[in-house]
Amino acid sequence: MSLEKFIIASELVTPSGMNSSISMSVAKAELSRFASQTCPTTDKKYACASIDFIKADSLEEKWVEVTNLLLDSLLQQIPPSLKPIPMLITLPQSVKENEFNEKFATSGNSNLISHYEVIHCDSGPALVEQAIKSLDRHDAVLVVGLDSLFEARLGLLEAGEVLTSGVPWGVVPSEGGAGVILARRNLVETLKLNHEAKFNYFSVDYSGSSRQALMSLVRNASRNMAHLGRIYTNKTNSRSHTEDYSFALGARAEKFAAPQQPLAIDKLWGTMGKCSSLALMCVFASQDSDKEGTTLMMFDQGFHRGLLFIEY
């Protein structure tokens, strides 16, 4: 789909830090970001990462705190005229929704939210699509994605989906939260809002039946865009992601800048699940050198794929 929606605020919480700046600085410094654990059934070593700088009595309290770290930053970045603002949020499967909602309702930022909605989606690309479509109903919307493959790591180990000393293909279980405030063009122009990025093109594939889904998305995008710029991606080291990415590059490599050197956030913070599609937007917004236009290639643990062309 062709569109002109804007990011007017963004923020990120990862195992490396409580905001985008710290998270990127720690990652670029290549400090120790991953813990090493042992699979209880195979004794194989594997890497993982968790947000251990937040101490809480329950998972629900922990993720409310992550949410408020995001909101503290996001709400400071917009003018008072946009508050209260509608909010969409997706939660990790390990979190009890009712308990989370009750705890969030008593937190400091809830009074700045005009409409609160927990959305249930199967993937990061689906979350991005719902966020964009929500601008059909709202002039601006705050979107938060939270997820934790770290809490699901034992099940992933049993399924052979984790990168270990004995398994060469797989994910690095991690967790995180990402938030963006999206706005329609008319609001940005009327209020003369500063923006961090503009969406120019978005397409998604939910077929779930092919390891060439992203190749199809790239071909379609290349018919609409003169160039596709650098690549930012949340692809993991799984076999399906690696093959799909290779097919996509083979389809239109000439459209990209340095296609063999993508900015892959999985290498920075591990596999953060559904929130990593929003995290790609936050990373783009934090990079001063890539404002000319960038393709965000969005992968999911299944076969959902998304492609977003974004520029300043």
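Residues satisfying the side-chain hydrogen bond (donor to acceptor under 3.5 Å, both in side chains) test with Thr271, not counting sequence neighbours, are Asp266. Shown here are the ring-ring contact (aromatic ring centres under 6.0 Å, His included) partners of Phe299, two or more places apart in sequence or in another chain: His241. Residues that satisfy the ring-ring contact (aromatic ring centres under 6.0 Å, His included) test with Phe104, not counting sequence neighbours, are Tyr116. Among residues two or more places apart in sequence or in another chain, the ring-ring contact (aromatic ring centres under 6.0 Å, His included) test is passed with His195 by Phe6, Tyr312. Every residue was checked against the salt bridge (charged side-chain N to carboxylate O under 4.0 Å, His left out) condition with Glu158, not counting sequence neighbours, and none meets it. Checked against ring-ring contact (aromatic ring centres under 6.0 Å, His included), Tyr245 has no partners two or more places apart in sequence or in another chain.
Contact check on Lys103 versus Glu61 returns a salt bridge, with a Lys/Arg side-chain nitrogen under 4.0 Å from an Asp/Glu carboxylate oxygen. Between Glu129 and Lys133, at least one side-chain nitrogen of the basic residue sits less than 4.0 Å from a carboxylate oxygen of the acidic one, meeting the salt-bridge criterion. Under the 4.0 Å criterion applied to side-chain N and carboxylate O atoms, Arg184 and Asp139 are assigned as salt-bridge partners.
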Dump the intermediate steps for side-chain hydrogen bond (donor to acceptor under 3.5 Å, both in side chains) on His120 and Gln130, then the final yes or no.
-> CA-CA 10 Å; His120 303 92; Gln130 287 198 42; over 6 Å; no
Evaluate the criterion side-chain hydrogen bond (donor to acceptor under 3.5 Å, both in side chains) for residue pair Asn200 and Glu311; output intermediate values, then yes/no.
-> CA-CA 7 Å; Asn200 274 357; Glu311 62 184 353; 2.3 Å; yes
Apply the test side-chain hydrogen bond (donor to acceptor under 3.5 Å, both in side chains) to residues Arg153 and Gln37: give CA-CA distance (whole Å), side-chain angles for both, the deciding distance (0.1 Å), then the verdict.
-> CA-CA 11 Å; Arg153 65 194 184 281; Gln37 294 190 1; 3.2 Å; yes
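A side chain to side chain donor-acceptor pair (under 3.5 Å) with Arg305 holds for exactly one of Asp300, Asp244, Asp205; it is Asp244.
In this structure, a donor-acceptor pair under 3.5 Å is absent between the side chains of Thr106 and Glu102. Looking only at atom types and distance, the side chain of Lys45 has no donor-acceptor partner in the side chain of Ser36 under 3.5 Å away. Side-chain atoms of Ser20 and Glu11 form a donor-acceptor pair, as typed in the model, at a separation below 3.5 Å.
Note on Tyr46 and Phe34: separate hydrophobic clusters, where clusters join Ile, Leu, Val, Met, Phe, Trp and Tyr whose side-chain heavy atoms are under 4.5 Å apart, directly or indirectly.
Distance check: Leu59 CG to Glu175 CD gives 8.5 Å after rounding to the nearest 0.5 Å. If you take CG on Asp72 and CG on Asn109, they are separated by 5.0 Å, rounding to the nearest 0.5 Å.
Nearest heavy atom pair, residue Ala221 against residue Tyr201, reads CB-CE2, 3.6 Å.
Two residues are said to be in side-chain contact when any heavy atoms from C-beta on lie closer than 4.5 Å; Ile132 and Leu135 fail this criterion.
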